[in-house]
There are 2 protein chains.
Amino acid sequence: MSKKRNTTLKELSKELNLSISTVSRALNDHPDISQDTKDRVKKLAKQMNYVPNLFARGFRSRETHILGVIVPNISHLFTSTILKGVIEEAELRGYRVIISESNNDEIKQVEMLNTMTQFGVDGILMSLARKTTKLEEVLKVFNRIPLVLFDKVSSKIPCTQIVINEEEAAFNAVEHLIELGKERIAIIKETENSYNSEKRYAGYLRALNQYNIPVRDKLILSTEDISLANGRRLTNILLSMKKRPDAIFAITDNAAIGAIKALHKFKVKIPEEIAVVGFSNSINSTIISPSLTTVDQPGDKIGRTAVRFLIEEIEAPSNDVMTKTVEIKTSLIVRDSSLRV
Amino acid sequence: MSKKRNTTLKELSKELNLSISTVSRALNDHPDISQDTKDRVKKLAKQMNYVPNLFARGFRSRETHILGVIVPNISHLFTSTILKGVIEEAELRGYRVIISESNNDEIKQVEMLNTMTQFGVDGILMSLARKTTKLEEVLKVFNRIPLVLFDKVSSKIPCTQIVINEEEAAFNAVEHLIELGKERIAIIKETENSYNSEKRYAGYLRALNQYNIPVRDKLILSTEDISLANGRRLTNILLSMKKRPDAIFAITDNAAIGAIKALHKFKVKIPEEIAVVGFSNSINSTIISPSLTTVDQPGDKIGRTAVRFLIEEIEAPSNDVMTKTVEIKTSLIVRDSSLRV
DNA sequence: CTGAAAGCGCTTACAG
DNA sequence: CTGAAAGCGCTTACAG
């Protein structure tokens, strides 16, 4: 058995003794065409299993109706949840999605940007690779084609950016700990000042200040790679202090879970002695015991919003660049790791 | 600022006073073209930021170098790990990937298959939606374009299928429990006889038979939706029996974690009183306490293998259909939930 | 070594 | 109501 070639307009037209133009118009319900012709054409099209070659159509109109998406790592739950939203919203609006990973490698990221433009995508959705420093290349692409950043963004690129209310979310999380009566609140954040880490740290500081709680340098810990292992390691450091913290705010769930594991090991009571709050509402946060208080980030909504703005820009009659920054609201989910006791 | 149109061969040729053909050949390092011309052309191309329109190229050669991927749900870790492998392997071989979700909806799945073919993808990679019954539509697509199934497959479609060694993996898991001295081994499986559930159940039965352990119907529990909640629910049933099981083999990690939660609740000692084994090696399996013994499925490898076979089929000179079934080896990861005590 | 021309499958302004 | 023709950007067999 060999693969059949797709039926073309030409074949239909030959069969029907009509011109290609007429067949095309009939299929597209052009008002000029008689109902009778339309019926005949459509019937044969169905019979011959005709499917339009969207490629040819798109090629002609210089629109591919494909969106390019570049993310650091597709297999993070938060990322794949965003992608789910992206795919669904895009399909709803008649677009398809090409997905690619940068693996947090800046070189790869630029490569991907370039192949995507070459490919003729109508626009690009991107979450920046960690430590993206050379923005010229990104800007160059941005000059040719609509671009929307989400999650990992940079204020240095004058395009629409979709983020969560990082600062406020962190503020709320820390405020929650304060209301619990905690005052020696440690934070585990990133060394590298990523957009996200910076904002969350700012929220932490604002909460302490607002409640007149002194900021203690010793309780501010940073790590290159904000992982479970590092959360555990840094928590061990916190536990070795003469005066231990009474709460830990980790800027990711993974680090928070590492913290809980370390606390378990040293039989520290959670939340009585030390409360823990994470960030992401990953599945793990409900599996770990005690269950983890965390910030829920609506990935689906982020994805949908990003698509909406990108398509708006693509389809805008003017090619003016819009540079909105859209903040998606998050919510604090209180669980056992910070329950009032 | 408005978006610039991409530079075309025509523009380059005008600028250089050469024909479009010569410019095209120079850029593609055709041996007929003089080095001098090549240099001039390439220099200007770089200068004018020329990027070939892959769309036009692909359109002409009837190859898009795009692979379509359809999965039930992108945000399952196992799925996104497979996708990671798919994307990486595809890019390595000069292909791009369009991803789409069926949401386990058969109608949606057919829709996706059709738009993908319309789109002119060179081949399709698919993991079937649950309860896919009407295969005619899938077969129809399969007649036009190479198709490779992975993970959720069906022997009723005569195409290459990439699976894990489901039966053997389950056998090994149950054998491991038997070697621990367990003999009342319960299984939590799916009601719906999916390919995966069926094979794992077969492995369970084979292990019991091989070790002369009676198969007790009461210990064989099924559920429509093999979730954490249902794992918990079914475990409660097991615990209410006069003679409790001494081990539980759940065919997914989620169900196994549900089981552990239920056992915790009733203060059953794991693994002394009841050991638990899951399937998937999800992140959760290391977060839960006790950590879960489970089967590691190399998603990355499944993805890469699927791409390899699909591209092989696409690029094969003959259009013969190949119908290999490829089994990827898994490994049992023993953790605390079934440790010898 | 270089160019003119055809063609991939479609849409659409222009004619009739 | 229908058709002939141009064109989207590229590659390549054919000519010179």
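First the proteins, then the strands, lettered A, B, ... as listed; each starts at 1.
- Sorted by first and then second residue, the salt bridge (Lys or Arg N to Asp or Glu O under 4.0 Å) pairs involving residues 42-54 of chain A (not counting sequence neighbours) are A:D29-A:K42.
- By the 4.5 Å heavy-atom criterion applied to side chains, A:L113 and A:M126 are counted as neighbours.
- When the C1' atom of D:dT11 is taken as reference, atom NZ of B:K10 falls 16 Å away, rounded to whole Å.
- Evaluation of the ring pair (Phe, Tyr, Trp, His ring centres under 6.0 Å) test over residues 68-107 of chain B, restricted to residues two or more places apart or in two chains, returns B:H65-B:Y95.
- Distance CG (A:D122) to C1' (D:dC8): 14 Å, rounded to an integer number of Å.
- The CG-P distance, from B:D32 to D:dC14, rounds to 14 Å in whole Å.
- The stretch residues 18-30 of chain B touches DNA chain D through B:I20, B:S21, B:S24, B:R25, B:N28, each having a heavy atom within less than 4.0 Å of the strand.
- Counting heavy atoms from C-beta outward, A:T7 and A:L12 have side chains that approach closer than 4.5 Å.
- One can place CG of B:L9 at 4 Å from P of D:dC10, the figure rounded to the nearest angstrom.
- For the 3.5 Å distance criterion, the side chains of A:T81 and A:D300 fail to qualify, holding no donor opposite an acceptor.
- Rounded to an integer number of Å, the gap from A:Q35 CD to D:dT2 C1' is 16 Å.
- Per the geometry, NZ belonging to B:K14 stands 14 Å off P belonging to D:dC10, to the nearest Å.
- Counting heavy atoms of neighbouring residues, nucleotides and ligands inside a 6.0 Å radius, atom CG of A:L139 exceeds 12 of them.
- Counting heavy-atom neighbours within 6.0 Å of A:K301 NZ, excluding the residue itself, gives a total of 12 or less.
- Listed by residue number, there are no residues of residues 37-47 of chain B with a heavy-atom contact under 4.0 Å to DNA chain D.
- The shortest side-chain heavy-atom distance between A:E312 and A:K324 falls under the 4.5 Å cut-off.
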Begin with the C-alpha distance, continue with both residues' side-chain angles, and end with the deciding distance and a verdict on salt bridge (charged side-chain N to carboxylate O under 4.0 Å, His left out) for B:R308 and B:E89. CA-CA 8 Å; B:R308 216 134 48 207; B:E89 189 69 25; 3.5 Å; yes

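- Side chains of B:K131 and B:N104: a donor-acceptor N/O pair is absent below 3.5 angstrom, by distance only.
- With pairs defined as Watson-Crick or G-U wobble and both atom distances under 3.5 Å, the stems of at least three pairs that touch DNA chain C come out as C:1-3 with D:14-16, C:5-12 with D:5-12, C:14-16 with D:1-3.
- Residues forming a salt bridge (Lys or Arg N to Asp or Glu O under 4.0 Å) with B:E111 (at least two apart in sequence, or on another chain): none.
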